[in-house]
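For reference, the structure is listed below as structure tokens.
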Amino acid sequence: MTSTRPAAPRGVLGPAARTAALRRMRTEVMDIVVIGGGVTGSGVALDAATRGLSVALVEARDLAAGTSSRSSKLIHGGLRYLEQLNAPLVREALRERSLMLDTLAPHLVHAIPFLLPLTRHGWERAYLGSGVLLYDTLGQGLARIGPGGDGTVPHHRHLTRKAALRAFPSLRPDALVGAIQYWDGQVDDARHTMFVARTAARYGAAVATSARVVGLVREGERVAGVRVRDLESGEEIELRARETINAAGVWTDEIQAMVGGRGRLSVRASKGVHIVVPRDRVHGETGLILRTERSVLFVIPWGGQWIIGTTDTDWNLDLAHPAASSADIDYLLATVNKVLRTPLTTDDITGVYAGLRPLLAGESEDTSALSREHAVVSPAPGLTMVAGGKYTTYRVMAADAVDAAVRGLNRTVPASCTEKIPLLGADGYLALWNAREALARRSDLHVGWIEHLLHRYGTLAEEVLELAASRAELARALPGAPTYLGAEAVYAVTHEGALHLEDVLTRRTRISIETRDRGVEAARAVAGLIAPVLGWASADQDREVEHYLARVAAERASQQAADDATADAARLGAPEVRRLGHTAEHRPPAPALTSTPTAPTPTPTSG
């Protein structure tokens with residue numbers, strides 16, 4: 001019989017909730033077990049839970065530890081896919097964008113403008129203008145494209161060169177003859193993924209991170225669950241489930257290998273690198289989208305920074321920690337500097353991150369030409385696999401995966417309803433936003449802090465404010481990270497599932513890419529704040545800080561390397577903080593970078 005255990009209160013993912021989730025995994029037979037805590041896996045858990053199914057979600061590292069925290073942080077249809085004549089993919093993605101802006105996550109997804117420079121007179125404005133008009137029309141229909149506000153996306157507009165330079169003074173006048181301005185959505189991908197998982201927990205899903213799948217449970221040919229190792233305790237659990245859904249992204253092949261035989265999905269990893277520079281290095285009131293020889297390059301406003309990216313190159317080395325090389329960084333700088341009055345240099349860079357896109361492999365050797373559409377297959381009874389797709393369409397992928405899996409349950413299951421299920425923090429968000437000045441007065445904080453919290457937590461900002469009011473140090477900015485309150489670090493552990501220092505610094509906050517020292521100064525203070533909640537002794541705090549500093553050093557070393565192989569070896573000099581054992585994700589430091597290293601054998605994880 002399906003369990004009717006009550007949902008965790010308000011979707012809390014603290015240490016006690018993880019303990020309770022693992023207890024359920026030991027004792028219950030779930031309807032669905034989901035492998036992977038990225039946006040797709042979290043979306044699968046939410047979709048299944050809101051259909052009334054019992055659900056377990058296991059993730060080897062942290063929520064959004066992989067691809068789902070390292071995107072361009074856009075919720076968009078993809079203008080370039082229109083040029084590839086893939087209107088159905090664009091239409092689907094733009095419908096999801098509208099849902100997130102208006103209903104599902106208005107606190108996390110916001111519309112921002114982009115400038116598309118024109119470099120030729122005449123035909124180019126007509127050609128690109130017609131494409132952007134179609135983009136607007138596919139997105140919401142001409143009747144719903146409004147002047148802004150209420151979650152609507154403003155209509156595009158054509159600009160002269162003079163008007164474009166007013167909007168983006170850092171552009172070189174000779175780099176454009178005019179421009180088109182259009183709007184798209186922006187999101188903090190890691191926080192959004194975490195909110196999807198928290199909302200799944202709110203509806204009854206058992207969610208456990210640091211829970212690595214090490215094998216499948218078989219009953220003859222049928223997959224009847226997974227064997228899970230708790231990487232915090234070393235305990236191994238047999239988690240039995242009627243259906244298993246793999247949403248492990250670039251680790252799809254490793255999960256397929258557990259089934260035996262040749263897999264039915266072929267996924268290739270494409271590396272995308274982004275650099276982060278301070279906002280004052282580039283003067284502009286809008287983002288930029290630049291057409292390149294192979295793809296596009298975005299210059300995206302991100303609080304007090306700009307995010308510039310991305311690259312699109314094949315990657316067959318370590319999947320857990322893709323490394324940005326100096327060649328990647330030089331390419332981004334050279335490309336963006338073609339249009340800037342004052343060129344950027346490596347000294348301007350405050351942060352760098354690299355992620356892997358799980359692309360459905362085809363005949364093309366060029367990753368930029370591989371499919372961004374998704375596929376759902378069932379390689380064995382009881383096992384469903386979903387791969388490919390775009391961050392924006394995670395909800396559609398999740399619904400398709402659950403639709404395929406529930407065919408094996410031999411009972412009627414309701415259809416997906418997630419298009420009507422707001423994420424935690426969304427209900428009442430606009431009302432609380434309108435009352436932000438009154439909330440600031442009650443909290444004795446500047447209204448700027450309240451706006452910051454509302455954009456990151458929605459109506460759950462009130463929980464963070466309650467925590468800040470409990471201790472003076474929690475109402476102050478973090479040392480070395482002045483845009484975050486101490487309460488946010490503690491809340492990341494008590495409510496958002498963070499188990500390690502790097503979870504807080506790299507995903508619950510973005511201190512690791514937003515501060516010039518990559519979070520080194522903040523590390524010790526944050527470790528001290530979260531230690532009591534996690535039960536850390538002084539030695540545990542030291543170990544967590546040392547690991548984080550080693551991670552930062554390894555990333556900096558990799559970014560000095562000239563090629564992928566050398567960068568990979570440098571990045572792997574810092575061991576994984578979770579107890580993954582002696583694998584590709586947890587190695588002793590690389591002895592030297594004088595020879596070309598061999599490609600490591602990846603270990604299944606996700607995110």
Side-chain angles (χ1 to χ4, degrees), residues 39-40 43 47 68 71-116 127-158 180-189 192-193 196 272 286-289 291 295-296 298 300-301 310 357 359-360 368 371-375 386 388-400 416-423 426:
V39 72
T40 304
D47 187 280
S68 297
S71 73
S72 295
K73 314 198 187 312
L74 297 177
I75 299 297
H76 65 142
L79 265 178
R80 68 190 179 103
Y81 304 134
L82 274 184
E83 199 165 20
Q84 297 169 359
L85 304 180
N86 197 343
L89 175 64
V90 176
R91 182 188 299 110
E92 179 179 78
L94 290 176
R95 179 176 183 272
E96 294 303 308
R97 184 192 70 179
S98 295
L99 280 171
M100 283 188 261
L101 283 165
D102 296 345
T103 304
L104 305 183
H107 54 315
L108 302 174
V109 182
H110 310 282
I112 60 170
F114 284 92
L115 209 61
L116 175 59
Y127 174 69
L128 294 179
S130 63
V132 177
L133 175 61
L134 178 59
Y135 191 72
D136 279 350
T137 306
L138 289 173
Q140 297 188 2
L142 287 172
R144 292 198 65 232
I145 299 172
D150 317 330
T152 59
V153 177
H155 196 283
H156 76 277
R157 60 187 186 128
H158 287 259
I180 301 171
Q181 188 176 59
Y182 75 100
W183 293 68
D184 245 325
Q186 183 176 61
V187 69
D188 184 328
D189 48 6
H192 173 263
T193 296
V196 175
T286 176
L288 286 180
I289 177 172
R291 289 159 61 87
S295 184
V296 295
F298 288 103
I300 306 165
T310 180
R357 306 176 192 89
L359 306 181
L360 296 180
S368 64
S371 176
R372 261 61 171 182
E373 297 183 77
H374 68 275
V386 57
K390 290 161 48 68
Y391 190 102
T392 303
T393 57
Y394 81 93
R395 196 192 63 81
V396 176
M397 297 170 63
D400 288 350
S416 175
C417 63
T418 50
E419 67 176 22
K420 300 175 183 177
I421 305 294
L423 300 185

Checklist entry - F114: what forms a ring pair (Phe, Tyr, Trp, His ring centres under 6.0 Å) with it, not counting sequence neighbours? => result Y182, F298
Checklist entry - Tell me, do V187 and L74 make a side-chain contact under 4.5 Å, heavy atoms counted? => result no
Item to check | ring pair (Phe, Tyr, Trp, His ring centres under 6.0 Å) contacts in which one or both residues fall within residues 87-108, not counting sequence neighbours | outcome: H107-F195
Item to check | Side-chain donor or acceptor of T137 paired with backbone N/O of L133 under 3.5 Å | outcome: yes
Item to check | Contacts of type side-chain hydrogen bond (donor to acceptor under 3.5 Å, both in side chains), residue S416, not counting sequence neighbours | outcome: D47, T418
Item to check | salt bridge (Lys or Arg N to Asp or Glu O under 4.0 Å) against R91, all qualifying residues, sequence neighbours excluded | outcome: none
Checklist entry - Sub-3.5 Å donor-acceptor pair from the side chain of E92 to the main-chain atoms of G77, do we have one? => result no
Checklist entry - So, the side chain of D189 versus the backbone of S71: is there a donor-acceptor pair under 3.5 Å, distance only? => result yes
Next on the checklist: Does D184 form a side chain to side chain contact (heavy atoms under 4.5 Å, CB included) with R97? I'd like the steps, not just the answer.
Outcome noted: CA-CA 8 Å; D184 245 325; R97 184 192 70 179; 2.7 Å; yes
Checklist entry - With a 4.5 Å limit on heavy-atom distance, are the side chains of I289 and L115 in contact? => result no
Item to check | Residues which pass salt bridge (Lys or Arg N to Asp or Glu O under 4.0 Å) with R291, listed by chain and number, not counting sequence neighbours | outcome: E83
Item to check | side chain to side chain contact (heavy atoms under 4.5 Å, CB included) partner of K390, chosen from H374, H76, E96 | outcome: H76
Checklist entry - D188: what forms a salt bridge (Lys or Arg N to Asp or Glu O under 4.0 Å) with it, not counting sequence neighbours? => result R510
Item to check | Under 3.5 Å: donor-acceptor pair, side chain of T286, backbone of P113 | outcome: yes
Checklist entry - In chain order, what residues pass the ring pair (Phe, Tyr, Trp, His ring centres under 6.0 Å) check against H192, with sequence neighbours excluded? => result Y391, Y394
Checklist entry - So, do I300 and Q186 sit near enough that their side-chain heavy atoms are less than 4.5 Å apart? => result yes
Item to check | Check: L128 and L116 side chains under 4.5 Å, non-hydrogen atoms | outcome: yes
Checklist entry - Hey, are T310 and R357 close enough side-chain-wise for a donor-acceptor pair under 3.5 Å? => result yes
